[in-house]
Each structure stands twice: as structure tokens, then as C-alpha cells.
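Written below as C-alpha cells is the structure these notes are about.
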Amino acid sequence: MNDDQLLRYSRHILLDEIGVEGQQNLLNAKVLMIGAGGLGSPAALYLGSAGVGQLTVCDHDTVDATNLQRQVAHSLSSIGQNKALSIKARLAQINPDCQVTAIQERVAGDDLRALVAGADVVLDCCDNFDTRHAVNAACSEFKKPLVSGAAVRFDGQISVFDLRQAQAPCYHCLFPDTGDANDGPCALFGVFAPLVGIIGSMQAAEALKLLIPYGETLAGRLLLLDGRSMTWREMRFKQDPACLHCQRRQATPN
């Protein structure tokens, strides 16, 4: 790090748990973020300001006026602009150390697999069940840690799936892609504005802990927030022996 970086990140470096080595790990890190809306906005702002070296942001959507109630990385001047590009411009104003790649499409298939393969940590900040399962499948294939968050109405949730570990559960273990499970975007159900800020900021915190690395992550734990009473519940979960993603991951050598 140069003198400017030592000054910029001094409050991190002062923490014994991070120090110069941990901060350098952040500067060397590559993070993939799927979704640049309510969850992705605070997550990107904290990842960028904390000094993550490379951040790839994927979102096909454009900013509109209804987003500004909660998507704090965007502004009036962003309306009509692609959300990934808007976040890239915002982070350029905050921290030039963070090199942002904006992908202006809904990534899937081999494109998604390639992006996940090149990342150190993946953040699922999307708003639909199909994308979450696609991201989980790619993370499981390439054994990449996944930080997953969701928020709708007054209810939020967050967990970490550390798929570097053979016995770690994946998203599919917790939320199978069969049955009655379903979700939808905020446009259908509404969302309490600060809720996405809380969950998105926690996603950034979990990602940073994985990258430094330091502390105990939410791997194997699902935190559920009731924003009406501001109360948290914790649910612990294990790998599903019948999960095909986990079976394939265990069969693949490191």
C-alpha cells in the first residue's frame, strides 16, 4: 500500500483483527455481486469504500423513480441509467482503488459460471428465486463462498454458504427449488426502505470477513429479521444428504 492508502484505510489497519495484511487482502480481492438494487446498493458502497480491489456488478435493469425510496447508491441523475453503471459511477466518486466492472445484462449459463469461477466471494443481491438457485449452483460447482440476502415487506434474511468446505450446506439445502417456495420483487409486495440497507450492509460485512479473513461468519446459520419489532431469530441448518449440488461438490477434488 502507498501512503494515501495507508491513510484511507487507517481505521481498518488500527484493528488488530485486520491490520495491514487483512487490508491488503481486501485490495487484492475479486468480488462478484448479482443485483444492484436495494440490497446491492449498500453492499457495493461498503465493499467499495472498504477497499475491495475488484468488484463486478451485474444487473440488467435501469433506475427509475420508485427505486430511490431505498436504493441508496442511485440518485435522480441516475434515472434511466443501467443500475450496474450507476453503481460504477458512484463508487468512482468514493474510492478509485475499487475497480468496478458493470455487466448490463441478466447473466446466466456459461457467462454466470465464468464470472463465479473468477471471484473470491459472491454476493446474491437479486430479487428472484430462479437466479438465486442458478448462482448457488455455480458457486457450488466452483466451491466459492456465497453471501445471500433477501428483503421484502418488513422481513429480511441473510446467510453465508461457505462452499469451500465439503460438508457445508448450500442454498438448495435450505431452500429447495421444488414445492411451494416462491418470492417476488418489491414492486409486487412493497418493502420497508431501511430493511434493504440493514441486510445489504450485513452482506458486505460477511463478505469482508471472508476476505480478510477474520471472525465467525453466518455459515450454517440463517438470520431472520422482523422489521416490525426489530427482532432477530437465528436458525441453524445442515447439509441435506440428498442435495445433488453438495454431492457433486464432495465428489470433485480441490
Side-chain angles (χ1 to χ4, degrees), residues 29-48 52-64 67 71 73-74 78 80-92 98-152 158-164 170-172 174-175 177 181-187 196 199-200 203-204 206-207 210-211 244-245 248-249 252:
K30 300 176 181 179
V31 174
L32 171 64
M33 192 176 79
I34 307 297
L39 299 173
S41 286
L45 292 177
Y46 276 112
L47 291 171
V52 165
Q54 296 184 46
L55 176 63
T56 299
V57 182
C58 305
D59 202 308
H60 71 288
D61 201 8
T62 56
V63 180
D64 66 50
N67 300 146
Q71 298 184 15
H74 310 305
S78 305
Q81 185 179 29
N82 173 266
K83 290 182 180 180
L85 280 179
S86 175
I87 281 185
K88 179 177 181 177
R90 183 75 179 94
L91 288 180
C98 183
Q99 301 301 307
V100 181
T101 300
I103 297 182
Q104 306 173 60
E105 60 187 56
R106 189 192 296 273
V107 292
D110 289 341
D111 290 338
L112 175 60
R113 294 175 66 253
L115 289 170
V116 168
D120 298 312
V121 172
V122 179
L123 276 75
D124 170 13
C125 300
C126 74
D127 63 358
N128 70 89
F129 214 47
D130 290 342
T131 300
R132 290 185 184 125
H133 278 287
V135 171
N136 174 72
C139 287
S140 185
E141 178 182 356
F142 294 104
K143 301 181 181 181
K144 301 293 184 175
L146 170 62
V147 183
S148 178
V152 68
I158 180 173
S159 188
V160 170
F161 305 92
D162 193 348
L163 302 174
R164 299 170 297 184
C170 74
Y171 183 86
H172 186 271
L174 185 60
F175 298 108
D177 56 0
N182 199 1
D183 65 354
C186 299
V196 293
I199 301 298
Q203 286 184 265
E206 291 298 298
L210 286 162
L211 294 167
L244 295 178
H245 297 297
R248 285 192 289 265
R249 190 173 75 252
T252 305

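What you find for Asn136 and Cys170 is that their closest heavy atoms are OD1-CB, 3.3 Å. Scanning both residues, Pro145 and Asp162, for their nearest heavy atoms gives CB-OD1, 3.9 Å. Minimum heavy-atom separation, Ser78 to Val63: O-CB, 3.4 Å. Nearest approach of Val31 to Leu47, heavy atoms of both residues: CG1-CD1, 4.1 Å. When all heavy atoms are compared, the tightest approach of Ala36 to Asp59 is N-OD2, 2.8 Å. Gly38 and Gln71 make their closest contact through N-CG, 3.4 Å (heavy atoms, listed as atom of the first residue, atom of the second, distance).
Looking at heavy atoms from C-beta onward, Lys30 lies out of side-chain contact with Thr56 at the 4.5 angstrom threshold. Leu115 places a side-chain heavy atom less than 4.5 Å from the side chain of Cys58. Within the 4.5 Å cutoff, side-chain heavy atoms of Lys83 are placed close to those of Asn67. Side-chain atoms of Leu32 and Leu123, non-hydrogen and from C-beta on, never get closer than 4.5 Å to each other. Contact annotation: the side chain of Glu141 never approaches that of Val116 to less than 4.5 Å [non-hydrogen atoms, C-beta and beyond]. Using a 4.5 Å heavy-atom threshold, the side chains of Arg90 and Leu45 count as touching. Looking only at side-chain heavy atoms (C-beta outward), Ile87 and His74 come within less than 4.5 Å of each other. Between Leu112 and Ile34 the shortest side-chain heavy-atom distance falls below 4.5 Å.
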Q.
As a quick check of understanding, evaluate side chain to side chain contact (heavy atoms under 4.5 Å, CB included) for Gln104 and Leu85, giving each step before the final call.
A. CA-CA 7 Å; Gln104 306 173 60; Leu85 280 179; 3.3 Å; yes
Q: Mind running side chain to side chain contact (heavy atoms under 4.5 Å, CB included) on Thr101 and Gln54 for me, showing each step along the way?
A: CA-CA 8 Å; Thr101 300; Gln54 296 184 46; over 6 Å; no
Q: Applying side chain to side chain contact (heavy atoms under 4.5 Å, CB included), run through Leu210 and Arg164 and close with a yes or a no.
A: CA-CA 11 Å; Leu210 286 162; Arg164 299 170 297 184; 3.5 Å; yes
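Residues forming a side chain to side chain donor-acceptor pair (under 3.5 Å) with His172 (at least two apart in sequence, or on another chain): Asp177. Qualifying side chain to side chain donor-acceptor pair (under 3.5 Å) partners for Ser140, counting only residues two or more places apart in sequence or in other chains: Arg249. Qualifying side chain to side chain donor-acceptor pair (under 3.5 Å) partners for Thr131, counting only residues two or more places apart in sequence or in other chains: Asn128.
With rounding to the nearest 0.5 angstrom, the NZ atom of Lys144 is 6.0 Å from the CG atom of Asp120.
The backbone N or O of Asn82 sits nowhere less than 3.5 Å from a side-chain atom of Ser86 that would complete a donor-acceptor pair.
The environment of Tyr46 atom OH is sparse: at most 12 non-hydrogen atoms of other residues, nucleotides or ligands sit within 6.0 angstrom.
By the 30° and 60° cut-offs, the orientation of the rings of Phe175 relative to Tyr171 is tilted.
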